[in-house]
Amino acid sequence: MNTTKNKSWFKQFWPWFLIILPMTAVVGATSLLFTAIDNKPDMVVDDYYSEGKAINEDRTLLNNAKKRNIGADVEHHDKQLIVKLTGIDSKTPINFSLHHSTLAARDVSQLLTADAAGSFRFESENDLNGKWMLRIEPFDKSWRLQKSIVLPTENFSL
């Protein structure tokens, strides 16, 4: 005898199997939607025209540093970066910024002052591993040094 005719539909395997397949797709899509909403990309720029104009300004600041023969030697020690500027006499404070390549939450910007030896020291609470855009500029923003770096590394120059 065939016992499947006597069973109700909810006691059989195949209806539940056919219900579970679309339900897993719905649950997966919902969790993916919430993940996408919580983790918005940082690299999208709303005002691309202003960003394009800022790139031209960046080039003039970089060229000003080249004309003045300004450079920097940077040493990396654990969670500390030591910057020694060359080509300038004054020990005015500098704006030091590290921009992470993908995570804007890890970006850091500080105003650094020179110690007695003329070195600028940046100390971070977080690990500095990864790809960064290092930017150094004076308080009056008359020139700029910048370089894409991958940490950890021993020493590098700008």
With heavy-atom distances below 4.5 Å as the criterion, would you say the side chains of Thr30 and Val27 are in contact? no
Measure the shortest side-chain to side-chain distance between Arg135 and Arg144 over non-hydrogen atoms and say whether it is less than 4.5 angstrom. yes
Value rounded to 0.5 Å, distance of CD in Gln146 from NE2 in His99: 8.5 Å
Can you hop from Ile94 to Val108 via hydrophobic side chains spaced under 4.5 Å? yes
From Ile37 atom CD1 to Leu32 atom CG, the distance as rounded to the nearest 0.5 Å: 10.0 Å
So do the side chains of Thr86 and Asn69 get within less than 4.5 Å of each other, counting heavy atoms only? no
Identify the heavy atoms of Pro15 and Trp9 that sit nearest to each other, and give their distance. CG-O, 3.5 Å
Pairwise side-chain contact, Lys84 with Glu75, heavy-atom cut-off 4.5 Å (strictly under): yes
According to salt bridge (charged side-chain N to carboxylate O under 4.0 Å, His left out), does anything in residues 63-73 pair up with another residue at least two apart or in another chain? List the pairs. none
Taking side chain as C-beta onward, heavy atoms only, is Leu85 less than 4.5 Å from Val83? yes
On a heavy-atom basis, the closest approach of Met133 and Ser148 is SD-N, 3.9 Å
Kindly compute the distance separating CD (Gln12) from NZ (Lys7), expressed to the nearest 0.5 Å. 7.0 Å
Are Ile82 and Ile149 linked, directly or through other ILVMFWY residues, by side chains that come within less than 4.5 angstrom of each other? no
Scanning both residues in full, the closest heavy-atom pair of Lys79 with Glu125 reads NZ-O, 3.2 Å
If every non-hydrogen atom of Pro93 is compared with every non-hydrogen atom of Leu111, which pair is closest and at what distance? CB-CD1, 3.8 Å
With a cut-off of 6.0 Å (strictly less than), are more than 12 heavy atoms of other residues, nucleotides or ligands near CZ of Phe13? yes
Are Val26 and Leu18 joined in one hydrophobic group, where the rule is that I, L, V, M, F, W and Y side chains link up if heavy atoms are under 4.5 Å apart? no
Where Ile136 and Phe96 come nearest, the two heavy atoms and their spacing: CG1-CD1, 4.0 Å
Do Met23 and Trp16 share a hydrophobic cluster (ILVMFWY, side-chain heavy atoms under 4.5 Å, transitive)? yes
Could you check whether Trp132 and His100 have their ring centres less than 6.0 Å apart? yes
Taking the side chain as every heavy atom from C-beta outward, state whether Leu98 and Phe122 have any atom pair closer than 4.5 Å. yes
Is any side-chain heavy atom of Trp143 closer than 4.5 Å to a side-chain heavy atom of Leu61? no
Atom CG of Leu145 and atom CD1 of Ile70: how far apart are they, to the nearest 0.5 Å? 6.5 Å
Which pairs with one or both residues in residues 105-116 pass salt bridge (charged side-chain N to carboxylate O under 4.0 Å, His left out), sequence neighbours excluded? Asp115-Arg121
If I take atom OG from residue Ser119 and atom CG from residue Leu112, how far apart are they, to the nearest 0.5 angstrom? 11.5 Å
